[in-house]
Protein chains: 2
Amino acid sequence: MTAQEGAPLGLRERKKLATRRALGRAALLLALERGPENVRVDDIAAAVGVAPRTYNNYFSSVEEAICSLNVERAAQVAAGLRARPAGEPLAEALVNGIVGTVDGYTGGAEPDRAVVRVIAGAPMLRGEFLKSMTLVERALAEAIAERLEAAADRELMSRVLAAAVVAAARTATDHWLENPAGAPYHAVLRRALSFVGTEAAVAPERDG
Amino acid sequence: MTAQEGAPLGLRERKKLATRRALGRAALLLALERGPENVRVDDIAAAVGVAPRTYNNYFSSVEEAICSLNVERAAQVAAGLRARPAGEPLAEALVNGIVGTVDGYTGGAEPDRAVVRVIAGAPMLRGEFLKSMTLVERALAEAIAERLEAAADRELMSRVLAAAVVAAARTATDHWLENPAGAPYHAVLRRALSFVGTEAAVAPERDG
DNA sequence: CGCAAGTTTGCGTGCCACGCACTTTCCGGT
DNA sequence: ACCGGAAAGTGCGTGGCACGCAAACTTGCG
């Protein structure tokens with residue numbers, strides 16, 4: 001999914017993925033220019049130089065195309081957590097991993113408000129956006145589960161923590177969007193994550 | 001919205017609300033019978049005895065109609081929290097309020113797996129379902145904010161807690177759905193909520 | 001070099017959201 | 001009891017979308 005693994009990718013797959021990305025990028029670009037509700041399937045296809053019918057081989061709705069780039073962050077967030085040292089407490093690892101992922105995504109700079117507003121703020125995309133967030137949850141839950149070796153209900157716990165953390169991040173984004181003069185995204189995100197105390201999770205047992 | 005306030009409701013409004021509910025109920029019923037993807041707008045309209053065009057005056061998608069009944073729980077959940085004694089710690093009030101709301105909704109019995117699976121499990125409805133959950137978040141955040149009188153960033157905190165708690169409940173539902181032989185919904189829900197430790201919230205003074 | 005699998009494309013079908021104008025209903029004031 | 005008019009229901013037309021199907025084309029691989 002991440003395209004960082006070039007080895008097992010056939011040439012055909014490569015081209016297909018490129019088309020998919022181009023469609024997603026074009027969809028997002030058009031949404032930025034004229035608003036998501038004014039983006040026609042034909043426009044996206046035309047922008048990429050592909051038949052409208054082909055577009056439907058990749059996405060089954062305009063919303064899905066616009067949010068598709070967002071989906072790629074799922075694996076990134078999970079990798080962000082896995083990159084944290086094994087000894088780090090889960091709560092800190094989660095915060096540092098996620099914040100680090102965002103930094104890697106934005107190059108350390110403040111996210112582009114226009115882009116975020118379109119993807120996360122447009123009512124038309126809300127459903128699809130939330131749906132894409134559940135993919136992040138799923139990936140993150142797996143990474144969390146790896147840190148909860150011997151817990152009784154590792155399954156439920158990891159999924160709940162992932163969902164809570166993602167929900168906190170999403171809320172932070174909303175809040176940051178609504179307060180343009182407020183704290184930088186960094187700070188809002190950290191504070192929001194601090195509210196979903198994951199202290200309860202590290203309690204059961206841990207080995208060094 | 002909640003229909004519990006009969007006083008300021010004109011007769012017209014009453015009928016309109018009845019139609020809306022009838023449409024939602026019919027949509028859900030049809031989705032249960034034949035699966036959400038086999039529900040046509042005309043069927044819903046016909047089941048209620050109304051013109052298809054009229055249906056579109058109430059809902060702008062089949063998904064929205066099917067999930068509409070779920071939306072009514074937003075106010076219920078918020079009320080569930082407000083009904084808790086003022087002295088109760090927030091964490092406990094949240095758990096007890098939500099669990100109590102579910103009980104009130106199911107009459108204390110186990111939720112109907114078929115219904116829950118259709119609403120919360122059908123891929124086609126996933127986006128709309130998650131969207132409806134954000135309404136619950138919003139309502140719950142307000143109720144939470146009322147309990148956080150003097151906190152510095154009551155706004156962000158209440159919204160994060162609401163989102164985290166709703167996310168935990170949703171995860172509990174997913175988990176309960178996937179494990180038919182597992183613990184009753186009650187227990188899964190309580191356990192899931194216990195993982196999103198809200199201990200951090202009751203201590204207003206925290207480093208920023 | 002040629003085949004077979006995979007990909008793109010055009011077309012047709014069923015479905016849907018919604019603006020507009022018209023009809024029906026019925027609330028509220030006199 | 002009556003009536004004016006707003007609100008709700010309805011029919012129709014338009015623009016748009018998802019997807020099955022089958023033909024044309026591309027390309028990896030033997």
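Letters A, B, ... mirror the listed sequences (proteins, then strands); counts begin at 1. Atom set for the values below is all heavy atoms of this structure, side chains included, hydrogens, waters and symmetry mates excluded.
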Student: If we ignore angles and hydrogens, is there a donor and acceptor under 3.5 Å between the side chains of B/Tyr185 and B/Thr106?
Tutor: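 Side-chain D/A pair, B/Tyr185 to B/Thr106: absent.
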Student: For B/Arg138, look at atom CZ and say whether over 12 heavy atoms of other residues, nucleotides or ligands are found less than 6.0 Å away.
Tutor: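 No, because the 6.0 Å sphere around CZ of B/Arg138 holds 12 heavy atoms or fewer from other groups.
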Student: Among A/Arg84, A/Arg82, A/Arg154, find the residue that satisfies the salt bridge (charged side-chain N to carboxylate O under 4.0 Å, His left out) test when tested with A/Glu146.
Tutor: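 It is A/Arg82; the other options fail the test.
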Student: Quick check: closest heavy atoms across B/Leu32 and B/Ala114, and the distance to 0.1 Å?
Tutor: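 So the minimum-distance heavy-atom pair works out to CD2-O, 3.6 Å.
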Student: For the pair A/Asp43 (side chain) and A/Arg40 (backbone), establish whether a donor and an acceptor sit closer than 3.5 Å, ignoring hydrogens and angles.
Tutor: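 Yes, A/Asp43 side chain to A/Arg40 backbone: donor-acceptor pair under 3.5 Å.
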Student: Over how many whole Å does the gap from A/Glu64 atom CD to D/dA18 atom C1' extend?
Tutor: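 Answer to the nearest Å: 11 Å.
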Student: Roughly, in whole Å, what's the span from CZ in A/Arg14 to C1' in D/dT26?
Tutor: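 Taking atom C1' of D/dT26 as the reference, CZ of A/Arg14 is at 18 Å.
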Student: Atom CG of B/Asn57 and atom P of C/dT25: how far apart are they, to the nearest Å?
Tutor: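 It works out to 17 Å between those atoms.
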Student: Have A/His186 and A/Asp103 got a donor and an acceptor in their side chains that come within less than 3.5 Å?
Tutor: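 Per modelled atom types, A/His186 and A/Asp103 side chains form a pair under 3.5 Å.
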Student: Salt bridge between A/Lys131 and A/Glu64, side-chain N to carboxylate O under 4.0 Å?
Tutor: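 No, A/Lys131 and A/Glu64 are not salt-bridged.
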Student: Can you tell me the distance, in whole Å, between the CD atom of A/Glu13 and the C1' atom of C/dT7?
Tutor: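 For the pair A/Glu13 CD and C/dT7 C1', the rounded distance is 12 Å.
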Student: Which atoms of nucleotides 18-22 of chain C (N or O only) lie under 3.5 Å from a protein N or O atom, and what are those distances?
Tutor:
unit_1	atom_1	unit_2	atom_2	d
C/dG19	N7	B/Arg53	NH2	2.9
C/dG19	O6	B/Arg53	NE	2.5
C/dG19	O6	B/Arg53	NH2	3.4
C/dC20	N4	B/Arg53	NH2	3.3

Student: I'd like to know if B/Glu178 pairs up with B/Arg117 as an ion pair, taking the criterion as any Lys NZ or Arg NE/NH1/NH2 lying under 4.0 Å from an Asp or Glu carboxylate oxygen.
Tutor: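 Salt bridge: no.
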Student: Kindly indicate whether the side chain of B/Arg12 and the base of C/dT25 share any N or O donor-acceptor pair separated by less than 3.5 Å?
Tutor: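 Present.
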Student: Over how many whole Å does the gap from B/Met124 atom CE to D/dC17 atom C1' extend?
Tutor: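 Between C1' of D/dC17 and CE of B/Met124: 14 Å.
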Student: Salt-bridge test for A/Arg126 and A/Glu63: reply yes if a basic N is under 4.0 Å from a carboxylate O, no otherwise.
Tutor: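 The answer is no: the pair does not qualify as a salt bridge.
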Student: Five pairs at each end of the helix from C/dC1-D/dG30 to C/dT30-D/dA1: take the axis at both ends and give me the angle between them to 10°.
Tutor: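 Inter-axis angle at the ends, rounded: 30°.
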Student: Donor-acceptor pair, A/Tyr105 side chain versus A/Arg73 backbone, under 3.5 Å?
Tutor: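 No; zero donor-acceptor contacts below 3.5 Å.
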Student: When the distance from NZ of B/Lys16 to P of C/dC26 is rounded to whole Å, what number comes out?
Tutor: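 Computing the B/Lys16:NZ to C/dC26:P distance gives 15 Å.
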Student: Respond yes when some side-chain nitrogen or oxygen of B/Tyr55 is under 4.0 Å from OP1 or OP2 of C/dA17, and no when none is.
Tutor: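 Checking B/Tyr55 against C/dA17: no side-chain N or O falls below 4.0 Å of OP1 or OP2.
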Student: If you take any heavy atom closer than 4.0 Å to DNA chain C, which residues from residues 35-49 of chain A end up in contact?
Tutor: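 Heavy-atom cutoff 4.0 Å gives no residues at all.
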Student: Is B/Lys15 close enough to C/dC26 that one of its side-chain N or O atoms is under 4.0 Å from OP1 or OP2 there?
Tutor: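 Answer yes for this pair, as a side-chain N or O of B/Lys15 is under 4.0 Å from OP1 or OP2.
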Student: For B/Ala65, is there any backbone N or O sitting under 3.5 Å from a side-chain donor or acceptor partner on B/Tyr55?
Tutor: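 Judged by distance alone, no pair lies under 3.5 Å.
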